[in-house]
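Working notes, beginning with the structure itself.
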Amino acid sequence: MRICSWNINSVRLRAPIVQDMMNEYQPDIVCLQETKTPDDKFPFEAFESLGYNHIHISGIKGYNGVAIISKMPISQPEIYSRVDRADGRHISARFMAEGFAKPIEIHCIYIPAGGDEPDRAINEKFAHKLDFIAELDAWFTHNHSDDTAMVALGDFNIAPLEHDVWSHKQLLKTVSHTPIEVEALTAMQSSIDWVDALRHFVPEDEKCYTWWSYRNRDWRKSNRGRRLDHIWVTPDLKPRLKSHIIVSDARDLVKPSDHVPVMVDFDFS
DNA sequence: ATGGTAGGTACCCTA
């Protein structure tokens with residue numbers, strides 16, 4: 001079974017490249033962030049026409065927005081208001097995988113970017129980011145159960161490890177790689193022993209990126225990337241992790257997203 | 001130290 005996460009930066013503009021990705025990689029579930037589309041304008045047909053008939057979304061006008069797009073039936077769709085905002089950043093749904101006894105609950109998450117200044121006292125956006133993570137941490141700690149496996153994925157807007165950025169030293173004061181937010185994300189990860197599935201496959205001393213800024217003339221040449229997109233799984237799924245794909249070539253498409261698709265394959269046989 | 005690009009929206013926000 002293959003699960004994919006992609007910050008698509010407008011699903012209406014880029015539905016065709018999502019379709020191309022679906023045709024090429026055949027993921028069973030695709031989770032999108034930054035759909036930037038109200039629910040009544042979501043391009044359902046584009047995905048239903050490819051057999052993705054089970055879609056759960058939470059969109060708002062202009063920014064944010066998340067989607068879970070599945071070939072398999074999903075149940076218990078949930079939409080969460082985090083930090084008292086109904087702003088399209090966190091949804092979940094459950095599905096059953098053949099060969100795996102427990103239901104799997106998948107959480108599609110778009111953590112706030114956090115603005116420019118890494119100081120909660122003077123930057124409300126950074127405070128929002130930290131509050132969002134703390135609330136998520138508490139929610140998962142309180143709600144996880146051995147009866148249900150979980151996958152938490154999406155654009156976390158944090159590159160936690162030294163080799164998740166092109167220059168650890170030069171980015172220590174840049175939001176997405178500052179110690180305070182890395183610490184918050186690491187605390188959340190350790191609360192219920194989330195397994196970082198991409199780093200399960202990519203050694204920690206190896207550079208690994210999923211995002212390259214639009215503000216570089218030649219993203220491949222400068223290669224100033226960051227690993228902002230993550231797929232985490234609960235420990236019961238760790239033995240089922242089979243392989244991963246980071247579709248870096250998607251950064252070279254015409255009118256690309258600044259993020260590329262990340263995928264994990266599970267073996268439930 | 002600075003500014004570079006992109007999308008959506010409505011003349012400016014977020015990333």
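A note on names: the letters A, B, ... follow the listed sequences, proteins ahead of strands, and every chain is numbered from 1. Please read all numbers here as calculations on a predicted model, not as lab measurements.
A:D249 is linked by a side chain to side chain contact (heavy atoms under 4.5 Å, CB included) to A:R220, counting only residues two or more places apart in sequence or in another chain. Residues satisfying the side chain to side chain contact (heavy atoms under 4.5 Å, CB included) criterion with A:E162, sequence neighbours excluded, are A:H168.
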Handout entry: Dot-bracket encoding of pairs in DNA chain B, which uses [ ] for pseudoknotted crossings and | for another strand, Watson-Crick or G-U under 3.5 angstrom
Key = ....((((...))))

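In this structure, CD of A:Q170 is placed 13 Å from P of B:dA1, rounded to the nearest angstrom. The nearest whole Å value for the distance from the CG atom in A:D258 to the C1' atom in B:dG4 is 14 Å. Atom CD1 in A:I111 sits roughly 19 Å away from atom P in B:dT14 (whole-Å rounding). The distance between atom CG of A:D116 and atom P of B:dT2, rounded to the nearest whole Å, is 13 Å.
Here the separation of B:dA10 from B:dT14, taken at their P atoms, is 14 Å to the nearest Å. Nucleotides B:dC11 and B:dG7 place their C1' atoms 15 Å apart, quoted to the nearest Å. Distance check on atom C1': B:dT9 versus B:dA15 gives 15 Å, rounded to whole Å.
Comparing A:R224 and A:H259 along DNA chain B, the residue whose closest nucleotide (by nearest heavy atom) sits nearer the 5' end is A:R224.
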Without placing hydrogens or testing angles, list every side-chain donor-acceptor pair under 3.5 Å for residues 42-54 of chain A, not counting sequence neighbours.
| unit_1 | atom_1 | unit_2 | atom_2 | d |
| --- | --- | --- | --- | --- |
| A:S49 | OG | A:E45 | O | 3.1 |
| A:S49 | OG | A:A46 | O | 3.0 |
| A:Y52 | OH | A:P27 | O | 2.6 |

Acceptor/donor pairs from residues 70-77 of chain A side chains to any protein atom, 3.5 angstrom cut, sequence neighbours excluded:
| unit_1 | atom_1 | unit_2 | atom_2 | d |
| --- | --- | --- | --- | --- |
| A:S70 | OG | A:M72 | N | 2.9 |
| A:S70 | OG | A:M72 | O | 2.6 |
| A:K71 | NZ | A:Q26 | OE1 | 2.6 |

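Within the nucleic acid shown, A:R226 has no heavy atom closer than 4.0 Å to any nucleic acid atom.
Of the charged side-chain nitrogens involved, at least one lies within less than 4.0 Å of a carboxylate oxygen, so that A:D164 and A:R227 count as a salt-bridged pair. A salt bridge does not link A:D28 with A:R2: none of the charged nitrogens is closer than 4.0 Å to a carboxylate oxygen.
For the residue pair A:N9 / A:S257, no side-chain donor-acceptor distance below 3.5 Å is found, with atom types taken as modelled. Side chain to side chain, A:W219 and A:D252 meet the donor-acceptor criterion of an N or O pair below 3.5 Å.
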Problem - Where protein sits on nucleotides 5-13 of chain B, one letter per nucleotide: B base, S sugar-phosphate only, - none, heavy atoms under 4.0 Å - result: BSSSSS---

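A cation-pi arrangement is present between A:R224 and A:W166, with the terminal nitrogen or guanidinium carbon under 6.0 Å from the aromatic centre and inside a 45° cone about the axis.
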